[in-house]
Amino acid sequence: MKKSRSIRLVLLGSASMALGACGDSALPQDARFYPTVQECAADYGATACADAKVAADQALATEAPRFAQKQECEAEFGAGNCETRQTAAGGSFFMPLLMGYMMGNMMGGNRYAQPVYRGQDNSAVVSNRGRLFNVGNFDNAAGRSAFRPATRVAEVRRGGFGTTAPGYGAPGG
Amino acid sequence: MERLAVTPRADWREHVERDLGFAFHTIAGAPYWDETAYYRFTAAEVDAIEAATAELEQMALALVDRVVQTGEEAFERLHIPRTAWEAIAGSWRAQEKNLYGRFDLAYAGAGPPKLLEYNADTPTALFEAAVVQWDWLQAAWPDRDQFNSIHERLIEAWKNFDVGRRRVYFSAVKNHAEDVGTIEYLRDTAIQAGLETQRIAIEEIGWDGQAFRDLDREPIDVLFKLYPWEWLIGEEFGAHLVTGVTKVIEPAWKMVLSNKAALALLWEMAPGHPNLLPTFLEPGRIEGKVVRKPIYSREGANIQVLDLDRVVAETEGAYGAEGFVYQAHVEIPAFAGNYPVLGSWVIASQPAGIGIREDATAITRDSSRFVPHFFE
């Protein structure tokens, strides 16, 4: 027999939706902090920012760390950095303080928009797929606009590959 | 070898999209996956294709060895830029493994299969051959056999790749459904072999002065690229790639085989071989009809068929700057007005199966349709 005995796909097909947009935790290189989504309009335009607000709110509803007890939340994010919220069903929970949003461009032309919380020692934190990422610092507890991005070890340049393709047909063949 | 018309499965579009994730069955509004017909082979014909494929791969590997031994003179005849020579020789001497390649063969059931060209670096039409035609066979002719163990061999090949625990990045250009579909399929097989994988667009690959970086700034230690080596080395980051800082799949030595001047060097190495067509780097060496192919080209672009210096058929494109090779023309018989070309796959240098693309003209292009097969 010269044919495969069986074929199983783990990424393609009905078992997954992996061909969709990039689903990883990456903070895009050009991501910037905005205290409100409206303030991004100068950089991205009003329509893009309104769309991003929808995505960010969805991330807030699904991705925001939730705690039943204030102490649990403060143990993770620091004293005074947690607020209480109501669930639709009338219950309540604690989550870290919402300070603003990180926004940028993602692979495939999608907009990246993630809520930013205040964490330990005035750090700026985003939550993605259950993991917390430190993206910078706030100068003081009150200063929402005083955001400083995390220092980057070395500058990463991109776009150094892929420049030949537009002049031709498909790279594969 | 026969071509038979058949009624397509009523729900095939929904089925291949939903159950296989086959997103490019129709390209630019025209059918690409075509199950209104199939090819039927005899076991003897399949054996002949398999044996020719194994032989061609051995010749191809022997050619790489010969070119690396010869050095400068051979690289120059292949129009390979000097910046890549060391990477090619180094990857060959280090015996870096290769994953896959596709020989395009002219064959109609009689006489030896003839090599039209070897797509050694960035072959596509892989998922269609490995999965979609297999799935078609299981639905339509489950008791028949098919020359196609591509899927199983890919998983085996990944298990034997020396990547250790390093994550393998799969990369193609943005927004090209066929190429993205191909790397997603390859990634699927790598995951099944137990490898950690990630996807990154070619355009998004970062360089920090010491290492290639992904969008999380993680180092890219192993890169599978569905993007031609000869393009990569000519681009801004190319000089960093040839240092070997990242392990690249296909390895750099595939550059020897992925350009069509290699067809002339193969003929020079094994003149008269039954699976080769007379091919030369200069015009005027072949009597009768000649096919002029650019040294670097893809998807059947910039091909001319010449009869006594008169152009009798031609395709357009942007290739040809590096020069041309001249290959004896082989008549591919038409099957109900269609010209098939057999894409014969090697996985880890072993014959693994075929995928047939046919066109209404004798030059297979990116508009060609993929037609399934079985043998009995």
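Order of the sequence lines fixes the chain letters, A, B, ..., with proteins taken first and strands second; residue numbering starts at 1 for each chain.
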Roughly how far apart are B:L232 CG and A:T164 OG1, rounded to 0.5 Å? 7.5 Å
CA sep, side-chain torsions, deciding dist, call: A:F161, B:V173, side-chain contact (heavy atoms from CB on, under 4.5 Å): CA-CA 9 Å; A:F161 282 138; B:V173 291; over 6 Å; no
Is B:I191 close to chain A through its backbone or its side chain, or both, or neither, when contacts mean heavy atoms under 4.5 Å? side chain
Between B:D135, B:D104, B:L226, B:V131, which has the largest tally of heavy atom pairs under 4.5 Å with chain A? B:V131
Give a yes or no answer on whether the side chain of A:K3 reaches the backbone of B:R144 with a donor-acceptor pair at less than 3.5 Å. yes
Report which part of B:V46 has an atom under 4.5 Å of a heavy atom belonging to chain A: side chain, backbone, both, or neither. side chain
Residue pair B:F237 / A:R157, side-chain heavy-atom distance below 4.5 Å: yes
Rounded distance (nearest 0.5 Å) linking atom NE2 of B:H151 with atom OG of A:S4: 6.5 Å
B:Q210 versus chain A, the contacting section by heavy-atom distance below 4.5 Å: neither
Taking the side chain from B:W134 and the backbone from A:I7, do they hold a donor-acceptor pair closer than 3.5 Å? no
Bottom line for B:E218: the part with an atom under 4.5 Å from chain A's heavy atoms is neither
B:F374 versus chain A, heavy atoms under 4.5 Å apart: side chain, backbone, both or neither? neither
Of all of B:T182, B:N148, B:D188, which one pairs up most often with chain A through heavy atoms under 4.5 Å apart? B:D188
Taking side chain as everything from C-beta outward and backbone as N, CA, C, O, which of these in B:A172 sits under 4.5 Å from a heavy atom of chain A? Side chain, backbone, both or neither. neither
Give, as side chain, backbone, both or neither, the part of B:L137 having an atom under 4.5 angstrom from any heavy atom of chain A. side chain
Inspect the surroundings of CG in B:D143 and state if more than 12 heavy atoms from other residues, nucleotides or ligands are less than 6.0 Å away. yes
Which pair of non-hydrogen atoms, one from A:L9 and one from B:Q192, has the smallest distance, and what is that distance? CA-NE2, 3.9 Å
So, taking the atom named CZ in A:R8 and the one named OG1 in B:T189, what distance separates them when rounded to the nearest 0.5 Å? 11.5 Å
Under a 4.5 Å heavy-atom cutoff, which of B:E203, B:R153, B:K225 has the most pairs with chain A? B:E203
How many angstroms lie between atom CD of B:Q146 and atom NZ of A:K2, to the nearest 0.5 angstrom? 12.5 Å
Tell me whether A:Q58 at atom CD has more than 12 heavy atoms from other residues, nucleotides or ligands lying less than 6.0 Å away. no
Minimum side-chain heavy-atom gap B:F22-A:L12 below 4.5 Å: no
Distance-only, no hydrogens or angles: does the A:R158 side chain make a donor-acceptor pair with backbone N or O of B:E204 under 3.5 Å? yes
Below 4.5 Å from any heavy atom of chain A, which atoms of B:I155 appear? Answer side chain, backbone, both or neither. neither
Between the side chains of A:T163 and B:E236, does any donor sit under 3.5 Å from an acceptor? no
